[in-house]
Amino acid sequence: MDNINFDNYMHLEFLNKSENESFARATVGAFVAQLDPTVSAITEIKTAVSEAVTNAVIYAYESKIDYIYISCGIVGRDVYINVEDKGIGIPDIEQALEPAYTTKPESERAGMGFTIMQSFMDELTVESKTGVGTIVKMMKSIEE
Amino acid sequence: MDNINFDNYMHLEFLNKSENESFARATVGAFVAQLDPTVSAITEIKTAVSEAVTNAVIYAYESKIDYIYISCGIVGRDVYINVEDKGIGIPDIEQALEPAYTTKPESERAGMGFTIMQSFMDELTVESKTGVGTIVKMMKSIEE
Amino acid sequence: MKLVYKCIGKNMVVKFIGEIDHHQSKTVREEIDSVIYNDNIKNIIFDFSNVDFMDSSGIGMILGRYKKVEDKDGKIFLVNVRGNLDDIFKISGLYSVAQKYNTVSEALEVV
Amino acid sequence: MKLVYKCIGKNMVVKFIGEIDHHQSKTVREEIDSVIYNDNIKNIIFDFSNVDFMDSSGIGMILGRYKKVEDKDGKIFLVNVRGNLDDIFKISGLYSVAQKYNTVSEALEVV
Ligand SMILES: Nc1ncnc2c1ncn2[C@@H]1O[C@H](COP(=O)(O)OP(=O)(O)O)[C@@H](O)[C@H]1O
Ligand SMILES: Nc1ncnc2c1ncn2[C@@H]1O[C@H](COP(=O)(O)OP(=O)(O)O)[C@@H](O)[C@H]1O
């Protein structure tokens, strides 16, 4: 994330442990709080971050311990959030974005992660390369 | 911070803006919460982090916009926290650690930052080099 | 996250306290499933009044329990569903297999 | 962080609501100082009952106000000081220039 034009910016790295899912969304929530958003807007952002981070925890590194990266930049009232891993990548992004598509139904995944990210954020882009990793880029404008 | 032996680990980078002081201590607080510490222990850690981060905001970069770095590792019930900047450094660390010593009395600094960090944490080490930067290393053991 | 439940005949009322995410849902589902099995539960009423946060892991968890009771014509009821949770249930189409009621007692009247 | 105050003669009662840190203390001290100046305040009672967090920036802020009223023999009172704040006040030696009372009314009795 090119941070040169942001009013404020933070970057977070943490291990891909499931107990860090709540930590990650709380951190983004605390950072975004400076815009004094509604509880509903904060909850939507935390939910979207939770979805992206949970995917990185579950899918990116299989059983390997490795890092997940979050960048968050604020410009005006726009919040840009990238959730990144250097894991196995997504072979077919279009298919992954489809509602109810999941590769882990046996772990009770609903396949709704990307659908929720798209509903709760204003913009979503997924960049991924097999064997290299995945970046989920999201943007949400916070109302005055 | 060598993270190879930690049970859990996170690293945070953010701009040296005073509005990030509350964000930084909240983030460390949220990370340490996984050990289920007492409210009092969490408050002591958040206070120590706030002192170190505030110093980096005020002293490290003068009026330049730049980054502050926090690393936090947990091993067993020990919490290791490093607060780092690549700023002007501290010429005389021993003097800086003295209670009531401050180079900015005109900004109503009380010179009690390091004293409070020392009181609230179990260990404190300061590494600093003029023109290179400062690392404040702290450790606190969380009671069961 | 904690889980409080009571069984009334073949009906189980499950109240979540805290955050429902991927990390938490693992233990939650094991706890519920052992009750479904041991008490031969048919209908489940999920009470969300004390849920501070939920993401799509909650959807998977609810659908998983639905599959456990589906064979015996069991039903899933969702009560005290507030704003953001209601959005997630709508987006994920959960209301096609589970019914929303305002309170636990309203749900217990129709089971 | 918000600040609520009332003046009773030459005494100012200042209640903080929220977190007192370096970022917040800048605006707080300007607000208090303008009241000290305009209402010719002598004694200040700081009420900490609604302070969620404070670090040493709070010490600097209190000492700064002490210096404003010191010349006219003014005093600083600290009320509703809970655990962690009490530790910070002790460590920093603040009680040598400011007095601790349990409540605002107790402090008002001695001013
Ligand atoms: N970070 C990632 N790395 C690798 N694969 C991923 C990643 N994120 C998502 N995927 C793939 O995309 C699919 C759809 O994701 P999603 O819509 O969030 O549903 P779910 O998380 O319930 O599986 C996943 O099942 C997985 O195969
Ligand atoms: N990160 C830093 N970079 C440069 N100088 C620092 C840094 N941290 C502390 N100092 C120096 O050490 C002194 C003492 O710090 P401290 O005990 O925290 O008191 P205070 O913050 O009130 O000045 C400061 O006044 C400053 O000169």
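We name chains A, B, ... by the order of the sequence lines, and we start the count at 1 in each one.
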Can you name the closest pair of heavy atoms from A:R109 and C:S57 and give their distance? NH1-OG, 3.1 Å
Interatomic distance, CD1@C:I20 vs OG@A:S50, rounded to 0.5 Å, equals 11.5 Å
Smallest heavy-atom separation, C:R29 atom then A:S107 atom, equals NH1-O, 3.4 Å
Counting only heavy atoms not in C:K26, do more than 12 sit closer than 6.0 Å to its NZ atom? yes
Name the region of C:K67, side chain, backbone, both or neither, that has any atom closer than 4.5 Å to a heavy atom of chain A. neither
Shortest non-hydrogen separation from C:G60 to A:A110 and the atoms involved: N-CB, 3.9 Å
Within 6.0 Å of OH in A:Y69, more than 12 heavy atoms from elsewhere: yes
Which answer fits A:K46, side chain, backbone, both or neither, if we ask what part of it has an atom under 4.5 Å from a heavy atom of chain C? both
Output for pair (C:Q24 CD, A:E19 CD), nearest 0.5 Å, gives 10.0 Å
To the nearest 0.5 Å, tell me how far A:T47 OG1 sits from C:L85 CG. 8.5 Å
For atom NZ of A:K17, is the number of surrounding heavy atoms from other residues, nucleotides or ligands below 6.0 Å larger than 12? yes
Atom CD of residue position A:E143 - does it have more than 12 heavy atoms of other residues, nucleotides or ligands inside 6.0 Å? no
Greatest number of heavy atom pairs closer than 4.5 Å to chain C - which of A:S40, A:G113, A:S18: A:S18
Measure the spacing between CZ of A:R25 and CG of C:D21 and express it to the nearest 0.5 Å. 4.0 Å
Using a cut-off of 6.0 Å, state whether more than 12 heavy atoms not belonging to C:K72 lie near its atom NZ. yes
More than 12 heavy atoms from other groups under 6.0 Å of NZ on A:K64: yes
Just wondering, are more than 12 heavy atoms of other shown residues or ligands nearer than 6.0 Å to CD in A:E106? yes
What part of A:T102 gets closer than 4.5 Å to chain C, counting heavy atoms only: side chain, backbone, both or neither? neither
When rounded to the nearest 0.5 angstrom, what distance separates CG in C:D52 from OG1 in A:T43? 10.0 Å
Those residues that, when tested against C:K42, pass side chain to side chain donor-acceptor pair (under 3.5 Å) (two or more places apart): none
Scan side-chain atoms only and decide if A:E21 and C:H23 contain a donor-acceptor pair under the 3.5 Å cut-off. no
Against chain C, label A:V39 side chain, backbone, both or neither, depending on which of its atoms sit under 4.5 Å from a heavy atom there. neither
Heavy atoms under 4.5 Å from chain A: which residues of residues 90-111 of chain C carry them? C:I91, C:S92
Just verifying a value: how many Å separate C:H22 NE2 and A:E108 CD, rounded to the nearest 0.5 Å? 11.0 Å
